[in-house]
2 protein chains.
Amino acid sequence: MAGTRTRTTPATEAADPYAPCEDDCGIRDVLDRLGDRWSVLLVVELAKGTRRFRELQHAVPGISQRMLSVTAKRLVRDGLVERTVYPTIPPRTDYRLTATGRSFAGAVAALADWSRTHKDAIAASRDDFDTRHPDEVR
Amino acid sequence: MAGTRTRTTPATEAADPYAPCEDDCGIRDVLDRLGDRWSVLLVVELAKGTRRFRELQHAVPGISQRMLSVTAKRLVRDGLVERTVYPTIPPRTDYRLTATGRSFAGAVAALADWSRTHKDAIAASRDDFDTRHPDEVR
DNA sequence: CGGTATCCACAGGGATACTG
DNA sequence: CAGTATCCCTGTGGATACCG
């Protein structure tokens, strides 16, 4: 999502180019988490229980060490995930959902349900659209 | 969301770098719509009733003509929105949610509810985190 | 083990101009 | 009115290397 909440104009700008909360108002914050590639997958995995860094990395195939670190930190900042560090050698870090995080996981699960029940219809619609409009860039 | 569903590697690649549907499986498709800047705003507006191109543009402040066009087309392709063109002069185009689209709007509304009830907690958590970690890039 | 730091490719999306 | 065509800047996130 390039340019999210950013302005292109130099700096000598006064008004916020984005609407001051039309229907939005806070929803964006949640949507941004849902939108990024990994947050939801991490939450879904953590909904199953406490996980260590390495465990998360294996549970969510394809995530890089960097993105796991970045995403987890974001979730911790938002208060959805709790991080516990054991200063042992070698170190150990546990991640687990907070109460808010579990609530969020519930909301996500509802959405996942919607996805599952409508994915076929969506796929069909796309195929249909694509055959009807063979050109197009996409 | 740069690099979404894309590979950086040249072309001589065999296996899909992304998991063949671990827990994901179709959810991504929905999440991608939720993730982009405008889809949800458009759906929310259309949930109120049929809208013309221009009406949508005014209802969703900040959206460019191009992004309205692009986003609407995506929603039509996914079968969430229906487009009716009246070949009058000047032309007129109506956009309205399909049955699937209304169902989707419902799911989004649920999410919006979650957002509203938790936005304060999230904001508080962020403030707390930020004061506790004054440095950091963000 | 559990991260950071750095570098960079690339798709998203804004601005602007033009068209049926 | 309702788009399309271009151009270009931007943040996201992948790869890689290094650290306590």
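Chain naming here is simple, since letters A, B, ... match the order of the sequence lines and numbering starts at 1 in each.
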Mind checking what makes side chain to side chain donor-acceptor pair (under 3.5 Å) contact with A:Arg51, not counting sequence neighbours? A:Glu45
How would you list, by chain and number, every residue that makes a side chain to side chain donor-acceptor pair (under 3.5 Å) with B:Thr71, sequence neighbours excluded? none
Close N or O pairs between protein and nucleotides 4-6 of chain D (under 3.5 Å):
unit_1	atom_1	unit_2	atom_2	d
D:dT4	OP1	B:Lys73	NZ	3.0
D:dT4	OP2	B:Ser69	OG	2.5
D:dT6	O4	B:Arg66	NE	3.4

Within the distance-only criterion (no hydrogens, no angle test), does the side chain of A:Thr131 pair as donor or acceptor with the backbone N or O of A:Asp127 below 3.5 angstrom? yes
Spacing between B:Gln57 atom CD and C:dA15 atom P, to the nearest angstrom: 11 Å
Under 4.0 Å between a side-chain N or O of B:Arg54 and OP1 or OP2 of D:dC1? yes
Just the rounded figure in Å: distance from P of C:dT16 to CE of B:Met67. 17 Å
Residues 87-100 of chain B, side-chain donor-acceptor partners within the protein, below 3.5 Å, at least two apart:
unit_1	atom_1	unit_2	atom_2	d
B:Thr88	OG1	B:Tyr86	O	3.4
B:Thr88	OG1	B:Pro90	O	2.8
B:Arg92	NE	B:Asp94	OD1	3.3
B:Thr98	OG1	B:Gly79	O	2.6
B:Thr98	OG1	B:Leu80	O	3.2
B:Thr98	OG1	B:Thr100	N	3.4
B:Thr98	OG1	B:Gly101	N	3.0

Residues passing the side-chain contact (heavy atoms from CB on, under 4.5 Å) test with B:Thr117, sequence neighbours excluded, are none
Rounded (10°) bend between the five-pair end axes of the helix from C:dC1-D:dG20 to C:dG20-D:dC1: 50°
Using a cut-off of less than 4.0 Å, is there contact between a side-chain N or O of B:Thr93 and OP1 or OP2 of D:dG3? yes
Would you mind checking if A:Arg132 and A:Asp128 are paired as a salt bridge, meaning a charged N to carboxylate O distance below 4.0 Å? yes
Taking only N and O in the side chain of B:Arg74, is any of them less than 4.0 Å away from OP1 or OP2 of C:dG13? yes
Side chain of A:Arg52, heavy atoms from C-beta onward: which of C:dG13, D:dC1, C:dG2 has the nearest atom to it? C:dG2
Separation of atom CG in A:Asp94 from atom C1' in C:dC1, rounded to whole Å: 12 Å
